[in-house]
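Please read all numbers here as calculations on a predicted model, not as lab measurements.
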Amino acid sequence: MNRLPRTLWAIISSRALPPVVLGFFLVLYIGIAFFTDETLITLMALTRRIPLLAGLLALLPLNSGCRMIVESRRHLKRHRALSGMARSVNADLFDESVELSAPALFPQLELRLSAEGYATRSSGEFLVALQGVSLFPARLLYLAGIFCLFGGILVSLMSRSVDRQAVIQGAPFPAPGGNGGIVEKITFGISNGSILERELLIEVANREGKGGGAFGVYPPGRFRGTFVYPRYLGVALICRFIAPDLPGGYEKSAVLPLYPPGREASAEISGTPYRLTLSLATPEDGSDPYMTGKMHFLFKLLKGKELLLAGSLPEGGEFSRDGYRLSIPDFRRMVMTDFVSDYGVLLIWWSAFLFTAAFFLWLPLRLLFPRREMLFRSQGESVRACSRAEGARRTHAGVFNEALDLLETTKHDAN
């Protein structure tokens, strides 16, 4: 019974497991690409629906968590060995382990290693020589980053939900659960930042008129546990229409994705054969109508597939011809927005922070203060010599070999 748990632990904590799992998903991705252009979306949907694929993906954060345990245990065991607390030396904890049939005469060796810049500590039974700082904290941060990255991807795939709503200036903020306040202002202008050329800002006040929050494109804001992602711009408007066969007239409110200028969107006039197509005209001065708020509409009126009228509607104006009358008495800026419930994003952000911290900790330690360790422990009539280096391996190996030669020389002199 003990053999099976050990085997499973060896597999789950193996360094080879992540490349195998990622390679499988890569092959699956390539296979899907032969059948659809939306390869990544299809792969995500399959992983969400098929428990086996979700289980394979879950192996990645599980593996990093197990490797954190393995690394921590190895570090603690090595620390016990180097501090002299361990009764025996486990050769697997070091890069190189040699057993010499030499007497444990360490004073001369300690002087030699001290001259090479190693900090030494000795007793009658062991000698330890250390130099530099261990990379263990950086490795632990790196593994924690992998855990957060793949754990965040898994959580996002399995629990992500999206509610797309139109955010309209002057209207209630369509937050999940309601009572989100009023959208006071939507502004769109030139960005002063270094990432985006344009800046979008949605300002929301609560029911009492106090500040409720502001949401932009980057970084995404949060509201009541959901991320607020503005997707595209448009116009919310009211259209009044009179036709010879509709003497009573017709009024319709519509939310149309009319930005940028020239992009067309259609509004069906329910219960009639008429359809209205609208777009924003490009101002003659080259300004952006969404920035200035001065919007001039171009329209096409169709009856079935027949084009009846085409023209323009200036701001607050009215078009009238042959018994047809069209006006847009009210229009407001609109932003189609996704309210995303996705707790995996927080883990992915944490992974970016952990990777950055690991890199800036690893780089100076690896280049300037590489860890180098030697342990010499007396075992009766022999000496166990162990060596490990995290940097400057060739130099360290040379010092270690000289130490072994010195022990051999001491043995011959003693004889």
Side-chain angles (χ1 to χ4, degrees), residues 163-175 178 180-189 198 200-205 230-338:
D163 182 21
R164 180 162 292 185
Q165 298 284 348
V167 176
I168 302 171
Q169 184 170 296
F173 188 60
I182 301 296
V183 181
E184 283 190 326
K185 192 177 181 181
I186 296 176
T187 56
F188 185 60
R198 303 291 177 91
L200 174 70
L201 188 64
I202 302 172
E203 299 180 28
V204 181
R231 289 304 185 188
Y232 56 84
L233 307 180
V235 180
L237 51 82
I238 295 176
C239 178
R240 290 176 182 167
F241 173 66
I242 296 176
D245 53 349
L246 290 173
Y250 186 89
E251 183 172 294
K252 177 181 178 61
S253 60
V255 175
L256 303 176
L258 298 181
Y259 189 85
R263 181 179 180 180
E264 294 185 340
S266 296
E268 299 288 343
I269 302 177
S270 304
T272 74
Y274 296 102
R275 181 165 56 90
L276 186 65
T277 299
L278 294 171
S279 64
L280 285 176
T282 302
E284 295 181 358
D285 59 3
S287 61
D288 190 308
Y290 207 93
M291 292 183 183
T292 62
K294 299 178 180 180
M295 300 185 186
H296 192 102
F297 297 94
L298 303 177
F299 75 90
K300 297 176 185 178
L301 180 64
L302 297 93
K303 188 174 184 179
K305 295 184 179 181
E306 179 186 0
L307 177 62
L308 296 178
L309 296 172
S312 63
L313 279 170
E315 184 176 353
E318 182 180 276
F319 181 92
S320 180
R321 181 190 298 173
D322 302 331
Y324 295 94
R325 184 176 297 173
L326 181 65
S327 65
I328 300 178
D330 184 29
F331 62 87
R332 304 176 185 183
R333 292 184 180 94
M334 181 276 299
V335 181
M336 193 60 71
T337 304
D338 286 347

**Q** List the atom of L298, the atom of S312, and the distance in Å for their closest heavy-atom pair.
**A** CD2-CB, 3.7 Å

**Q** Is the backbone of R332 close enough, under 3.5 Å, to the side chain of Q169 for a donor and an acceptor to pair up by distance?
**A** no

**Q** Taking all atoms of both residues into account, what is the closest heavy-atom pair of P230 and L200, and its distance?
**A** CB-CD2, 3.7 Å

**Q** With rounding to the nearest 0.5 Å, note down the distance linking OH in Y250 to CG in L326.
**A** 13.0 Å

**Q** Quick check: does any side chain N or O of R275 sit under 3.5 Å from a backbone N or O of K300, one acting as donor and the other as acceptor?
**A** no

**Q** For a 4.5 angstrom cut-off between non-hydrogen side-chain atoms, does Y274 reach D245?
**A** yes

**Q** What is the minimum heavy-atom distance between P244 and D322, and which atoms define it?
**A**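 For P244 versus D322, the nearest heavy atoms are CG-O, 3.8 Å.
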
**Q** Near K252 NZ, under 6.0 Å, is it more than 12 heavy atoms from other residues, nucleotides or ligands?
**A**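 More than 12 within 6.0 Å, yes.
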
**Q** Counting only heavy atoms from other residues, nucleotides and ligands, does the tally under 6.0 Å from CZ of R325 exceed 12?
**A**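 Atom CZ in R325 is not crowded, with 12 or fewer foreign heavy atoms closer than 6.0 Å.
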
**Q** Mind telling me whether F241 and Y324 have parallel, tilted or perpendicular rings, with 30° and 60° as the class edges?
**A**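 Parallel: the ring planes of Y324 and F241 meet at under 30°.
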
**Q** Which atom pair, heavy atoms only, marks the closest approach of A265 to L256?
**A**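 Where A265 meets L256 most closely, the heavy atoms are CB-CB, 4.0 Å.
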
**Q** So, for C239 and L276, which heavy atoms are closest and what is the spacing to 0.1 Å?
**A** SG-CD2, 3.5 Å

**Q** Rounded to the nearest 0.5 Å, what separation is found between the OH atom of Y259 and the CZ atom of F188?
**A** 4.0 Å

**Q** Give, for atom CD1 of I242 and atom OG of S327, the distance between the pair rounded to the nearest 0.5 Å.
**A** 7.5 Å

**Q** Would you say R263 and P257 make side-chain contact, with heavy atoms under 4.5 Å?
**A**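 Result yes, sub-4.5 Å side-chain heavy-atom pair found.
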
**Q** For the CE atom of M334 and the OH atom of Y232, what is their distance to the nearest 0.5 Å?
**A** 6.5 Å

**Q** Within this structure, what is the CD1-CG distance for the pair I186 and L233, rounded to the nearest 0.5 Å?
**A** 8.5 Å

**Q** Would you say the ring centers of F297 and F331 fall short of 6.0 Å from each other?
**A**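 Yes, close enough.
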
**Q** Checking the side chain of R333 only, and the main-chain atoms of Y290 only, is there a donor and an acceptor separated by less than 3.5 Å?
**A**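 The answer is yes, because a donor-acceptor pair under 3.5 Å joins these two groups.
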
**Q** Atom CG of L307 and atom CG of L301: how far apart are they, to the nearest 0.5 Å?
**A** 8.0 Å

**Q** Taking all atoms of both residues into account, what is the closest heavy-atom pair of I202 and V183, and its distance?
**A** CG2-CG1, 4.0 Å

**Q** Can you find a heavy atom in the side chain of L278 that is under 4.5 Å from one in the side chain of V235?
**A** no

